[in-house]
Amino acid sequence: IIHPDGSLNLQHIMKEQKPGTAAKGSAARTAGTPPKRAVAAADKPRITISKLTLKGGHVDFSDHFIQPNYSAHLTGVGGDVKGLSSDASTLAEVALKGRVDNQGRLNITGTINPLSGNLALDLLANLNDFELSSLTPYSSKYAGYGIQKGKLSFDVKYKVENRKLTAENHLFLNQLTFGDKVESPSATKLPVMLAVALLKDRNGNIDVSLPISGSLDDPQFSVGGIIVKVIVNLIVKAVTAPFALIGNLFGGGQELAYLEFDYGKAEIPAGGESKLEKIAKALRDRPGLKLEIAGQVDPDLDLEGLKRAMLDHKVKAQKFKDLPGKANDVAEIDQVKVEPAEYAKYLAKAYKQEKIPNKPRNLVGFAKDLPVADMEKLMLAHFQVDEDDLHDLANHRALEAKEYLINDGKVEPERIFIVSRLAAKSGQEKDAAKSKRSRVDFSLGAR
């Protein structure tokens, strides 16, 4: 029983020393009576229990610290412990089983030596089919939500050797579903629903491994405390670096949080489809998530990039005119490929068509033939690009990413939202310092 003050009833079953016992012993030694000789290790009795059999065991657990109170019952505890001994070189074999609240099946196997004075164990325990709804008092208090439904299974492996603990905790939660939000001053401020949506796969399962380790001689060491800390750290990582979490599953890591574009362009760049496909797979596998896309631009480099894109378009348009049967298919202009050997020819045609004031002229008043670099410089300086063009470029990039995720990635349209580039999260601003600002940023949320 955990009492309302948080103390455990087992703490009070140790026999207390009678008042004055220590004083009497001290007085006796003062009077000259020699103290009893300490018992040497060789003098300790050798204890061997060949087989310990448990049958029909029953453990009742009640927690009155939590409100509302929680109780659980471990029933049908049975099995064998073979070869118990105080000899430190031996290990007893353990095989126990039982049921939790007449539902979850608990099995414990492995080896242990609790009698040698230096605890040693190597145990594997697994629990299957435990209904999570009974843990609503805890989830309400610490997560801020009751549990509507769900089942828990776990496999844990604990090993203690030379006072060092190493443990593996493999947790599997099926169909974990939270109910309405509950007001609790003890509840975490972390976005629990987002963390669950990130961890839950398309089948409604959460499958996580939580390794822990530590020294039993460390006064600050607590298995429960470490597990809680590891779980909190997992949630923090999920909500603060969600793309790193899903990137570890599908490859790519944190860079999945954005997609860089060529300056002045909105077309998905080479290699961009691979990144978008990983994001699409993550969304398909996690139906509880939604995605926001914010188009970004570099005010300087994208401005020059837009001018360069206009120049390229005009050069391609000149070659397009020479292609047979293409006169009315203007949409294909940007698909035209201008070879390096013919670039100067079509650039000159585009230059002649451009109404640039004060073009350099010859003695008879005709526009002079200029080197490629000079023609490019005059045309780029002539093109006008403003803030509206940059805004359109940012939106176009976001639309291109969205269309790919919907059409090629097979993600439901209602799960993808385009947001203003001004609404990009502060964390994305920090990422921008490490990469191109000519890009789209992705952010995940719970549906």
Side-chain angles (χ1 to χ4, degrees), residues 258-277 293 295-404 407-408 421 435-440:
Y258 57 86
L259 175 64
E260 296 177 345
F261 284 75
D262 295 330
Y263 295 121
K265 296 184 178 181
E267 295 79 19
I268 303 298
E273 292 89 349
S274 174
K275 183 177 289 190
L276 289 173
E277 178 52 38
I293 307 175
Q296 305 288 347
V297 292
D298 186 303
D300 298 319
L301 296 176
D302 271 319
L303 187 144
E304 294 302 319
L306 281 172
K307 291 183 177 182
R308 172 59 67 174
M310 292 172 65
L311 175 62
D312 291 342
H313 179 83
K314 289 180 179 292
V315 172
K316 290 179 179 180
Q318 294 303 315
K319 181 174 180 178
F320 184 79
K321 293 177 182 179
D322 292 347
L323 298 177
K326 297 287 187 178
N328 296 321
D329 199 357
V330 180
E332 293 189 8
I333 290 179
D334 286 323
Q335 304 302 317
V336 172
K337 182 174 179 61
V338 178
E339 300 296 337
E342 57 188 4
Y343 177 76
K345 168 187 172 182
Y346 290 112
L347 174 64
K349 288 186 176 184
Y351 174 73
K352 289 180 180 179
Q353 294 288 324
E354 202 67 27
K355 296 179 180 180
I356 301 175
N358 303 319
K359 279 185 179 180
R361 298 184 180 277
N362 55 25
L363 293 175
V364 295
F366 293 107
K368 292 175 61 176
D369 291 333
L370 299 174
V372 167
D374 290 344
M375 288 188 289
E376 289 179 335
K377 182 177 180 180
L378 286 169
M379 292 181 72
L380 290 171
H382 173 66
F383 296 146
Q384 298 296 313
V385 178
D386 56 23
E387 184 66 26
D388 288 339
D389 295 312
L390 291 174
H391 182 76
D392 290 342
L393 177 62
N395 284 340
H396 194 183
R397 285 170 172 168
L399 282 169
E400 286 290 315
K402 177 182 178 180
E403 290 301 311
Y404 184 94
N407 297 328
D408 296 88
R421 59 192 173 105
S435 60
K436 292 171 64 175
R437 297 175 64 186
S438 181
R439 67 188 202 173
V440 293

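The basis for the numbers below is simple: all heavy atoms, side chains too, and nothing from hydrogens, waters or symmetry mates. All figures in this text were calculated on a predicted structure; none of them were measured in a lab.
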Legend entry - Audit row: L347, V338, side-chain contact (heavy atoms from CB on, under 4.5 Å) steps and yes/no: CA-CA 10 Å; L347 174 64; V338 178; over 6 Å; no

Inset, instruction - Would you please test V315 and V336 for side-chain contact (heavy atoms from CB on, under 4.5 Å) and show each step? - result: CA-CA 10 Å; V315 172; V336 172; over 6 Å; no

Legend entry - Closest heavy-atom pair and its distance - A381, Q384: O-NE2, 4.4 Å

Inset, instruction - Keeping to residues at least two apart or across chains, list the salt bridge (Lys or Arg N to Asp or Glu O under 4.0 Å) pairs with something in residues 312-321. - result: K314-E354, K319-E342

Legend entry - Nearest-0.5 Å distance that lies between atom CG in D392 and atom CG in L399: 10.5 Å

Inset, instruction - Using a 4.5 Å cut-off on heavy atoms from C-beta on, say whether the side chain of L259 contacts that of E400. - result: no

Inset, instruction - Taking the side chain as every heavy atom from C-beta outward, state whether R308 and E376 have any pair of such atoms under 4.5 Å apart. - result: yes

Legend entry - Pi-cation contact, F261 with R439 (under 6.0 Å, within 45°): no

Inset, instruction - Considering non-hydrogen atoms only, spot the tightest contact between L378 and P360 and give its length. - result: CD1-CD, 3.9 Å

Inset, instruction - Could you check E273 against I268 for side-chain contact (heavy atoms from CB on, under 4.5 Å), going step by step and ending with a plain yes or no? - result: CA-CA 7 Å; E273 292 89 349; I268 303 298; 4.0 Å; yes

Legend entry - Within-4.5 Å side-chain heavy-atom neighbours: R437 and V297: no

Legend entry - Any M379 side-chain heavy atom under 4.5 Å of M310 side chain: no

Inset, instruction - Output the distance between atom CG (D374) and atom CG (D369), rounded to the nearest 0.5 Å. - result: 12.0 Å

Legend entry - Distance in Å, L311 CG paired with F383 CZ, rounded so as to fall on 0.5 Å steps: 5.5 Å

Legend entry - Distance in Å, K359 NZ paired with M375 CE, rounded so as to fall on 0.5 Å steps: 10.5 Å

Legend entry - N407 (side chain) donor-acceptor with E403 (main chain) under 3.5 angstrom: yes

Inset, instruction - Apply the side chain to side chain contact (heavy atoms under 4.5 Å, CB included) test between D389 and each candidate in D302, L303, L306; give the one that qualifies. - result: L306

Inset, instruction - Would you mind reporting whether D298 and K436 have side-chain heavy atoms less than 4.5 Å apart? - result: no

Legend entry - Inter-residue atom distance L301.CG - Y263.OH, 0.5 Å rounding: 4.5 Å

Legend entry - Residue pair A398 / G295: nearest heavy atoms and the distance that separates them: CB-N, 4.0 Å

Inset, instruction - Please assess R397 against S438 for the test side-chain contact (heavy atoms from CB on, under 4.5 Å), listing each intermediate value before the final yes or no. - result: CA-CA 9 Å; R397 285 170 172 168; S438 181; 2.7 Å; yes

Inset, instruction - Mark yes or no for whether K275, through its side chain, and Y258, through its backbone, hold a donor-acceptor pair below 3.5 Å. - result: yes

Legend entry - Which atom of G264 lies closest to which atom of A309, heavy atoms considered: O-CB, 4.0 Å

Legend entry - Nearest non-hydrogen partners of V372 and A344, listed with the distance: CG2-CB, 3.7 Å

